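Data block below; observations after.
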Amino acid sequence: MLVTLEINRTMNENPNRLVKVCSSKFQVNPRGEFRARSKVAATAAAVTLAIVLGLVDYLTGREWAISAFYLLPTCFAGWVAGRSAGFAVGALCTGVWFLSDILGGPSYQHPLIPVWNAIMLFVFFFVVVWLLTAFRSSHYHLEQTVERRTAALRAEMEERKRLEHAKLQAERLAVVGSMAAQVAHEIRNPLGAIFLNLDLIGEELNVFVNSNRRSAAECQALLREMRSQVLRIRQVLQDYLRFARMPKSERSVVSLKGFLEEKLNFVQPLLDQKHVDLRSALDPNLPPVYVDAEQLWEAFLNLIRNALDAMPDGGNLTVSAKRNGSKVLICIGDNGHGMTEEETRNLFVPFFTTKRDGTGLGLAHTLQIINEHGGKIDCQTTRGTGSTFTIELPLTLEA
């Protein structure tokens with residue numbers, strides 16, 4: 001009944017708004033449907049109660065004087081269904097009381113007395129419903145304000161915890177980085193000497209190729225294996241030094257769309273080799289960002305390599321970029337094997353890796369670069385479905 005009245009009133013005022021009103025009131029929202037049904041049910045219950053009170057009032061006459069009980073359906077409809085429903089039920093209660101009073105009781109000295117009493121009763125109902133709904137509205141707004149402030153306080157507390165955790169992790173990484181730098185410095189020089197001596201031994205073995213070809217081939221194989229292991233150690237040391245001594249970023253204004261297109265074209269041969277299909281969705285109206293382009297691409301490349309490792313048999317690599325207020329969001333996703341709960345929990349922990357030849361510093365270095373640029377990085381992963389890394393970077397002041 002209430003919904004019909006509102007729609008009819010809207011059609012009279014502005015027929016073009018009917019679609020908007022209907023769409024706003026009857027969206028596919030279980031909570032909204034439940035509230036609408038609750039209001040209709042409350043209005044129906046109030047109307048039923050008003051009719052029952054009218055019958056009781058008619059049967060008992062003026063002896064019981066139950067006029068005050070008409071407040072029950074009026075207040076109930078106003079509190080649950082809203083001010084309009086309260087006014088409507090109040091008018092109904094006034095009419096029911098007026099009929100029961102005229103039909104069931106003795107006549108008054110003046111015929112306008114029951115009309116005056118009905119008017120006074122309706123005014124009383126009107127004031128009560130107005131005050132009750134005003135109190136309910138203020139109470140609702142107060143609850144909303146408390147909820148918003150509580151949510152803001154909770155978010156601030158979580159952000160503080162995150163910053164404290166990041167600070168503690170940075171302090172630990174600083175100590176580890178200092179130690180790693182010293183160890184790498186001490187090991188790098190002996191490795192250079194070993195590498196040089198391996199080259200000399202290889203040259204000496206070439207002299208004996210004609211005398212004993214089989215022995216020379218076996219020695220060459222051993223030398224190649226030793227050389228590969230030395231190169232592996234050198235690469236690990238370089239990763240440690242790069243993580244411990246990340247150079248200061250040299251930032252400039254970069255057009256993110258053009259930058260990503262250029263770099264993705266650069267890695268396209270690698271994607272073709274891995275049988276990976278690239279799907280890019282770059283907003284053509286992306287504002288520029290103020291970043292160190294080389295460091296940022298290093299972070300992106302780490303995520304792309306991890307995505308390729310998660311799709312050993314090929315798959316789809318998705319790269320998207322769009323604006324979100326004063327930020328820009330870059331998403332790099334795959335449809336690989338995903339990660340377990342333990343892997344997700346230790347995702348950015350230094351030296352944690354599931355790869356046989358990994359150092360566990362790739363994602364930690366990526367996080368270091370993103371934090372250096374004042375951004376955030378997050379990961380959504382599902383086992384057997386894939387993973388998506390979302391990077392949030394601030395825009396330039398000019399944007």
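Heads up: numbering here begins at 1 and tracks the sequence. Note that the structure is a prediction, hence the values are computed from the model and not measured.
Under the 4.0 Å criterion applied to side-chain N and carboxylate O atoms, Arg160 and Glu156 are assigned as salt-bridge partners. The pair Arg162-Glu159 counts as a salt bridge, with a side-chain nitrogen and a carboxylate oxygen less than 4.0 angstrom apart. Using a cutoff of 4.0 Å between basic side-chain nitrogens and carboxylate oxygens, Lys376 and Asp378 are not scored as salt-bridged.
Applying the 4.5 Å side-chain rule to ILVMFWY residues, one finds Val146 in the same cluster as Leu142. Applying the under-4.5 Å side-chain rule to Ile, Leu, Val, Met, Phe, Trp and Tyr, the cluster around Leu132 extends to Phe76, Trp79, Val80, Phe135.
Within 6.0 Å of CZ in Arg383 there are more than 12 heavy atoms belonging to other residues, nucleotides or ligands. Enclosure of atom CD in Glu341 is not indicated, since only 12 or fewer non-hydrogen atoms of other residues, nucleotides or ligands lie within 6.0 angstrom.
Residue Leu296 is not grouped with residue Leu329 when hydrophobic side chains (ILVMFWY) are merged at heavy-atom distances under 4.5 angstrom, including chains of intermediate members.
Of the listed residues (Ile330, Leu347, Asn302), just one forms a side-chain contact (heavy atoms from CB on, under 4.5 Å) with Phe389, and that residue is Leu347.
Take Glu261 and apply the salt bridge (charged side-chain N to carboxylate O under 4.0 Å, His left out) test, not counting sequence neighbours, and it matches Lys257.
In this structure the side chain of Leu278 reaches within 4.5 angstrom of the side chain of Gln268, judged on heavy atoms. Val291 places none of its side-chain heavy atoms less than 4.5 Å from the side chain of Phe259. Using a 4.5 Å heavy-atom threshold, the side chains of Leu393 and His373 count as touching.
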